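Following: one structure in structure tokens, then a few remarks.
In the text below, chain A, chain B and the rest are named by the order of the sequence lines, each starting its count at 1. Side chains are part of it too, since the values below use all heavy atoms of this structure and drop only hydrogens, waters and symmetry mates. Note that the structure is predicted; figures quoted are calculated from it, not measured.
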There are 2 protein chains.
Amino acid sequence: MGETLEQAFQKLCREKNLAVTHQRLVIYRELMKMHDHPNPEQVYERVRPELPSISLATVYKTLHAFVAAGLICQVSPHHGSMRIEPQGEPHSHFICLRCHDITDIATGDPDVAALKAGVPAGYQVEQVSTELRGICGRCAAESFSAGHA
Amino acid sequence: MGETLEQAFQKLCREKNLAVTHQRLVIYRELMKMHDHPNPEQVYERVRPELPSISLATVYKTLHAFVAAGLICQVSPHHGSMRIEPQGEPHSHFICLRCHDITDIATGDPDVAALKAGVPAGYQVEQVSTELRGICGRCAAESFSAGHA
DNA sequence: GAATATAGACGAATAATTATTATTTAGCAA
DNA sequence: TTGCTAAATAATAATTATTCGTCTATATTC
Ligand SMILES: [Mn+2]
Ligand SMILES: [Mn+2]
Ligand SMILES: [Zn+2]
Ligand SMILES: [Zn+2]
């Protein structure tokens with residue numbers, strides 16, 4: 001029992017076919033200590049004291065590797081660029097993690113009252129929406145045919 | 001009756017203190033025709049046939065003005081940079097539209113079954129989460145004190 | 001421990017967005 | 001209408017976020 005973080009990390013890497021490197025271990029350890037939603041630059045700053053020669057590009061690559069392996073996830077799956085919603089009617093969205101396409105989903109209204117109850121005092125809620133993420137029909141079809149090529 | 005789109009747009013602009021310009025009208029008209037979730041570049045391409053000399057920067061500024069005025073909204077509250085979720089437990093997020101801070105919100109599980117029912121066939125749902133957007137406590141406090149300075 | 005595959009450092013390249021500035025235009029009042 | 005002024009636009013430079021290419025270093029496999 002009492003598995004150390006390092007042992008847990010090594011096990012995860014074996015499962016996901018990721019080489020266990022010192023940089024990856026340090027990044028993973030720092031991530032597990034964080035309870036907010038850092039960007040790559042902030043992760044970089046956190047690991048630099050222990051890895052003075054690490055490159056920001058390595059942090060990016062490592063984060064992507066961790067996301068692909070399911071060790072962490074990404075709160076902002078949009079493609080880096082601003083996306084407009086021209087239509088006013090409230091609805092939910094399906095976001096494709098591969099092609100970043102956004103599909104409208106007709107849903108019943110979420111229980112806004114219950115959600116707002118969990119929001120800290122002083123916060124002003126303006127919009128509430130449900131987001132589904134995964135692989136869209138087109139991308140799923142492509143994977144399928146690629147897998148059978 | 002039969003208010004034209006142009007008349008509706010002019011009325012909206014009056015209400016929001018936006019000057020009615022030809023560029024803004026054309027952008028608004030194209031947006032209202034769109035049922036997807038375009039990025040600024042795509043809006044630019046759509047209006048160029050009618051406004052051959054428009055600048056991409058103008059499209060950006062106009063979209064921001066429309067968002068600020070509430071004519072349209074933004075699906076990706078422009079986190080600008082990748083944001084990591086190191087913690088695995090499912091929870092919801094409050095996203096501040098001003099400072100882009102992301103706050104965890106403890107909520108009951110959404111009705112995943114009902115949501116999945118609205119997803120087109122062939123789509124693979126991997127994650128479901130609720131997103132609340134608005135102004136966080138800190139930013140709200142700042143606005144308040146600014147308003148009373 | 002040596003061979004091979006993968007990862008890292010670093011700088012340069014690309015994409016998205018914003019800032020600057022000179023010019024044009026909308027809104028308003030005479 | 002005309003002219004004034006503040007705001008908006010076009011063109012382009014600058015910034016910011018992210019990715020890529022190349023060479024070196026390290027991890028894994030045998
Ligand atoms: Mn939509
Ligand atoms: Mn979170
Ligand atoms: Zn897709
Ligand atoms: Zn805020």
Side-chain angles (χ1 to χ4, degrees), chain A residues 6-7 9-28 30 37-45 47-48 50-69 71 74-84 97-100, chain B residues 6-7 9-28 30 37-45 47-48 50-69 71 74-84 97-100:
Chain A
E6 178 161 357
Q7 287 167 338
F9 177 67
Q10 289 176 347
K11 196 155 90 184
L12 280 168
C13 287
R14 300 264 156 64
E15 285 168 19
K16 305 295 184 175
N17 280 318
L18 286 177
V20 178
T21 68
H22 184 217
Q23 287 87 335
R24 285 176 175 172
L25 171 61
V26 172
I27 290 173
Y28 183 76
E30 284 306 312
H37 306 87
N39 63 24
E41 189 81 35
Q42 291 168 325
V43 175
Y44 179 57
E45 290 307 326
V47 299
R48 281 181 74 178
E50 216 173 328
L51 302 170
S53 69
I54 197 173
S55 146
L56 179 58
T58 300
V59 173
Y60 270 95
K61 278 178 44 172
T62 304
L63 292 176
H64 283 137
F66 286 179
V67 168
L71 273 61
Q74 197 174 333
V75 197
S76 37
H78 50 72
H79 195 218
S81 75
M82 178 186 189
R83 299 290 287 270
I84 293 300
L97 296 172
R98 195 160 305 165
C99 70
H100 308 291
Chain B
E6 178 162 357
Q7 288 166 337
F9 177 67
Q10 290 176 345
K11 197 154 87 181
L12 279 169
C13 287
R14 301 263 156 64
E15 285 168 18
K16 305 294 184 176
N17 280 316
L18 287 177
V20 178
T21 69
H22 183 218
Q23 287 89 335
R24 284 175 176 172
L25 172 61
V26 173
I27 291 173
Y28 183 77
E30 284 306 314
H37 307 86
N39 63 25
E41 190 81 36
Q42 291 168 324
V43 175
Y44 178 58
E45 290 308 326
V47 300
R48 282 181 73 177
E50 213 173 330
L51 303 170
S53 68
I54 196 172
S55 151
L56 178 58
T58 300
V59 173
Y60 270 95
K61 281 185 62 170
T62 303
L63 292 176
H64 284 135
F66 285 180
V67 169
L71 273 61
Q74 198 174 332
V75 193
S76 39
H78 184 215
H79 309 135
S81 70
M82 178 187 187
R83 299 289 287 268
I84 293 299
L97 296 171
R98 195 160 306 165
C99 70
H100 304 141

TODO: Step by step, work out the side-chain contact (heavy atoms from CB on, under 4.5 Å) result for His22(A) and Leu51(A).
DONE: CA-CA 9 Å; His22(A) 184 217; Leu51(A) 302 170; 3.7 Å; yes
TODO: For DNA chain D, note the earliest and the latest nucleotide, 5' to 3', having some atom under 4.0 Å of a heavy atom belonging to chain B.
DONE: dA8(D) to dT18(D)
Task: Where Val59(B) and Tyr44(B) come nearest, the two heavy atoms and their spacing - done: CG2-CD1, 3.9 Å
Open item on the list: What is the separation between atom CZ on Arg24(A) and atom P on dA9(C), rounded to the nearest whole Å?
Closed with: 11 Å
- [ ] Grab the CD-C1' distance between Gln23(B) and dT23(C) for me, whole Å please.
- [x] 13 Å
- [ ] For His78(A), answer base if it contacts any base atom (sugar-phosphate contacts may also be present), sugar-phosphate if it contacts only those atoms, and nothing otherwise; contact means non-hydrogen atoms under 4.0 Å.
- [x] nothing
Open item on the list: Test of understanding: with side chain to side chain contact (heavy atoms under 4.5 Å, CB included), list the residues that count as partners of His64(A), not counting sequence neighbours.
Closed with: Tyr60(A), Met82(B)
TODO: Quickly work out the Tyr60(A) OH to dT14(C) C1' distance and round it to whole Å.
DONE: 13 Å
Open item on the list: Nearest whole Å is fine: how far is dT25(C) P from Ile54(B) CD1?
Closed with: 13 Å
Open item on the list: I want to confirm an ordering. Mapping Ser55(B) and Ser81(B) to their closest nucleotides on DNA chain D, which one lands closer to the 5' end?
Closed with: Ser55(B)
- [ ] Could you check whether His79(A) gets within reach of a base, just the sugar-phosphate, or nothing at all, counting any heavy atom under 4.0 Å?
- [x] nothing
Task: Interatomic distance where CG belongs to Leu56(A) and P belongs to dA13(C) [whole Å] - done: 18 Å
Open item on the list: Working note: Lys11(B) + Gln7(B), criterion side-chain contact (heavy atoms from CB on, under 4.5 Å); need CA distance, chi angles, decisive distance, verdict.
Closed with: CA-CA 6 Å; Lys11(B) 197 154 87 181; Gln7(B) 288 166 337; over 6 Å; no
TODO: Nearest-nucleotide wise, let me know which of Met82(B) and Arg14(A) is further upstream toward the 5' end of DNA chain D.
DONE: Met82(B)
TODO: Just jot down the ring pair (Phe, Tyr, Trp, His ring centres under 6.0 Å) partners of His79(A), sequence neighbours excluded, or say none.
DONE: His100(A)
Task: Angle between terminal axes - the helix from dG1(C)-dC30(D) to dA30(C)-dT1(D), 5 pairs each end, rounded to 10° - done: 40°
TODO: For Ala57(A), report the nucleic acid contact type (base, sugar-phosphate, nothing); a contact means any heavy atom under 4.0 Å.
DONE: base
- [ ] Check whether any side-chain N or O of Thr58(A) sits under 4.0 Å from OP1 or OP2 of dA9(C), and answer yes or no.
- [x] yes
- [ ] Assign each of Glu41(B) and Val20(B) to its nearest nucleotide of DNA chain C by heavy atoms, then name whichever residue's nucleotide is nearer the 5' end.
- [x] Glu41(B)
Open item on the list: List the residues meeting salt bridge (charged side-chain N to carboxylate O under 4.0 Å, His left out) with Glu45(A), not counting sequence neighbours, and say none if there are none.
Closed with: Arg48(A)
Open item on the list: From NE2 of His22(B) over to P of dT25(C), roughly how many Å is that when rounded to an integer?
Closed with: 12 Å
Task: Expected output: side-chain Arg83(A) to main-chain Ser76(B) donor-acceptor under 3.5 Å - done: no
Open item on the list: Tell me every residue that passes salt bridge (charged side-chain N to carboxylate O under 4.0 Å, His left out) with Glu6(B), counting only those two or more places apart in sequence or in another chain.
Closed with: none
Task: Spacing between Lys61(A) atom NZ and dA9(C) atom P, to the nearest angstrom - done: 10 Å
Open item on the list: Whether the side chain of Glu30(A) engages the backbone of Ile27(A) through a donor-acceptor N/O pair (distance < 3.5 Å, no angle test) should be reported.
Closed with: no
